[in-house]
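Position 1 is the first residue of the sequence; numbering continues from there.
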Amino acid sequence: MDQTSQWEGVLWGKPTSVDAQSTREGTESPGGPPGEGWAYNDVRVNLTALALTVLFGRSLPDVLRTRVLDPIGSSPSWSWHGYRTSYAELDGGRIPVVSGGAHWGGGLWISALDLARIGRLCLRDGRHADRQVLSRRWIDALWTPCRVKPNYGLSWWLNDDRSVWPTAPSTGRCARGNGGSHLLWVDPARDLVISSRWGADVATLIAEVSEAVRPE
């Protein structure tokens, strides 16, 4: 989940080499062992989704619904999709496997409000009301810097050195997509969550809101 597996192969007709964004950071280590190089690669994320489906023995949307989204009071409008060909054969049946990234279709379709609920859950160290939905240890792991990519955790970007959003506070963490125009920003120091869609100038939005909400 920290994008360091370096796995090479083909999954559901898509080779890892097809994801051009893998080379944009210059931190890939072709042919190297796991953990020695970093590359943002949606085929590898899809492999993670397949592995988790097999581990749970049920679809990831079902796991997400029962373990996270229902307990935090999300709406029923979200959905999570895979490809027409993405299935796992388990116990004699076929379980659909979702795509971890939204390249080539699929992905998680969720409202900005429900996304903000997830951000608030992380902000509260995995607690919602009086229930520990996610462990504090897991939240800490999400935001622990990757050894070979310090501004990345477990599928979260970390702004500690302000390399992700230079004008935003270093205390922010974010999940972002589509070049940053989709954003879930969490800043524990300011008790702040921002959920933004199709933002034309997300960096300015973060900076302005963060300035208005100063830490005590």
Side-chain angles (χ1 to χ4, degrees), residues 1-69 78-110 115 118 134 137-139 141-158 163-164 173-184:
M1 291 187 68
D2 65 1
Q3 303 278 12
T4 64
S5 75
Q6 303 219 106
W7 177 80
E8 297 291 344
V10 178
L11 182 62
W12 299 315
K14 298 170 177 60
T16 48
S17 60
V18 77
D19 199 339
Q21 64 185 346
S22 285
T23 59
R24 72 183 180 194
E25 300 282 342
T27 51
E28 176 75 288
S29 178
E36 294 302 313
W38 184 95
Y40 196 106
N41 188 289
D42 273 4
V43 178
R44 292 171 183 161
V45 176
N46 290 344
L47 183 64
T48 303
L50 172 59
L52 288 173
T53 301
V54 174
L55 178 66
F56 282 111
R58 56 189 175 127
S59 71
L60 294 189
D62 185 38
V63 175
L64 182 62
R65 177 181 298 104
T66 59
R67 296 282 293 273
V68 179
L69 292 184
W78 67 274
S79 58
W80 198 357
H81 306 271
Y83 312 133
R84 288 189 299 270
T85 57
S86 56
Y87 287 89
E89 301 288 343
L90 294 174
D91 298 324
R94 299 178 78 198
I95 297 179
V97 180
V98 297
S99 56
H103 285 183
W104 317 292
L108 180 64
W109 300 4
I110 190 168
L115 195 61
I118 294 174
L134 297 175
R137 182 179 177 183
W138 178 244
I139 302 300
L142 291 179
W143 295 340
T144 298
C146 171
R147 181 177 62 84
V148 294
K149 183 70 173 176
N151 65 359
Y152 199 77
L154 299 184
S155 299
W156 280 76
W157 293 93
L158 315 176
S163 61
V164 179
R173 284 85 179 81
C174 68
R176 64 179 184 176
N178 195 29
S181 62
H182 298 325
L183 178 78
L184 175 60

K.L.:
Arg67: what forms a salt bridge (Lys or Arg N to Asp or Glu O under 4.0 Å) with it, not counting sequence neighbours?
P.N.:
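Partners of Arg67 by the salt bridge (Lys or Arg N to Asp or Glu O under 4.0 Å) criterion come out as none, since no residue qualifies.
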K.L.:
Residues two or more places apart in sequence or in another chain: which of them pass salt bridge (Lys or Arg N to Asp or Glu O under 4.0 Å) with Arg137?
P.N.:
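Scan of Arg137 (salt bridge (Lys or Arg N to Asp or Glu O under 4.0 Å), adjacent residues dropped) gives none.
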K.L.:
Before you tell me yes or no, could you show the steps for His182 and Arg176 under side chain to side chain contact (heavy atoms under 4.5 Å, CB included), namely the whole-Å CA-CA distance, both residues' side-chain angles and the distance that decides it to 0.1 Å?
P.N.:
CA-CA 5 Å; His182 298 325; Arg176 64 179 184 176; over 6 Å; no
K.L.:
Who passes side-chain contact (heavy atoms from CB on, under 4.5 Å) against Pro15, sequence neighbours left out?
P.N.:
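With sequence neighbours excluded, Pro15 shows a side-chain contact (heavy atoms from CB on, under 4.5 Å) to Val10, Ser17, Val18, given in chain and number order.
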K.L.:
Test of understanding: with salt bridge (Lys or Arg N to Asp or Glu O under 4.0 Å), list the residues that count as partners of Lys14, not counting sequence neighbours.
P.N.:
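By the salt bridge (Lys or Arg N to Asp or Glu O under 4.0 Å) rule, Lys14 matches no residue at all.
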K.L.:
Name all residues meeting the salt bridge (Lys or Arg N to Asp or Glu O under 4.0 Å) criterion together with Arg65; count only those two or more places apart in sequence or in a different chain, and write none if there are none.
P.N.:
none
K.L.:
Can Ile118 and Ile110 be said to form a side chain to side chain contact (heavy atoms under 4.5 Å, CB included), step by step?
P.N.:
CA-CA 11 Å; Ile118 294 174; Ile110 190 168; 4.0 Å; yes
K.L.:
Got a sec, which residues hit side-chain contact (heavy atoms from CB on, under 4.5 Å) with Ser99, two or more places apart in sequence or on another chain?
P.N.:
Asn46, Tyr83
K.L.:
Quick one: do Thr53 and Tyr87 satisfy side chain to side chain contact (heavy atoms under 4.5 Å, CB included)? Show the steps, please.
P.N.:
CA-CA 9 Å; Thr53 301; Tyr87 287 89; over 6 Å; no
K.L.:
Please check this pair: side chain of Ser86 against backbone of Val97, looking for a donor-acceptor N/O pair closer than 3.5 Å.
P.N.:
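Yes, because the side chain of Ser86 sits within donor-acceptor range (under 3.5 Å) of the backbone of Val97.
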K.L.:
When you measure from the side chain of Trp38 to the backbone of Asp2, do you find a donor-acceptor pair of N or O atoms at a distance under 3.5 Å?
P.N.:
yes
K.L.:
Tell me whether the rings of Trp157 and Tyr152 are parallel (<30°), tilted (30 to 60°) or perpendicular (>60°).
P.N.:
perpendicular
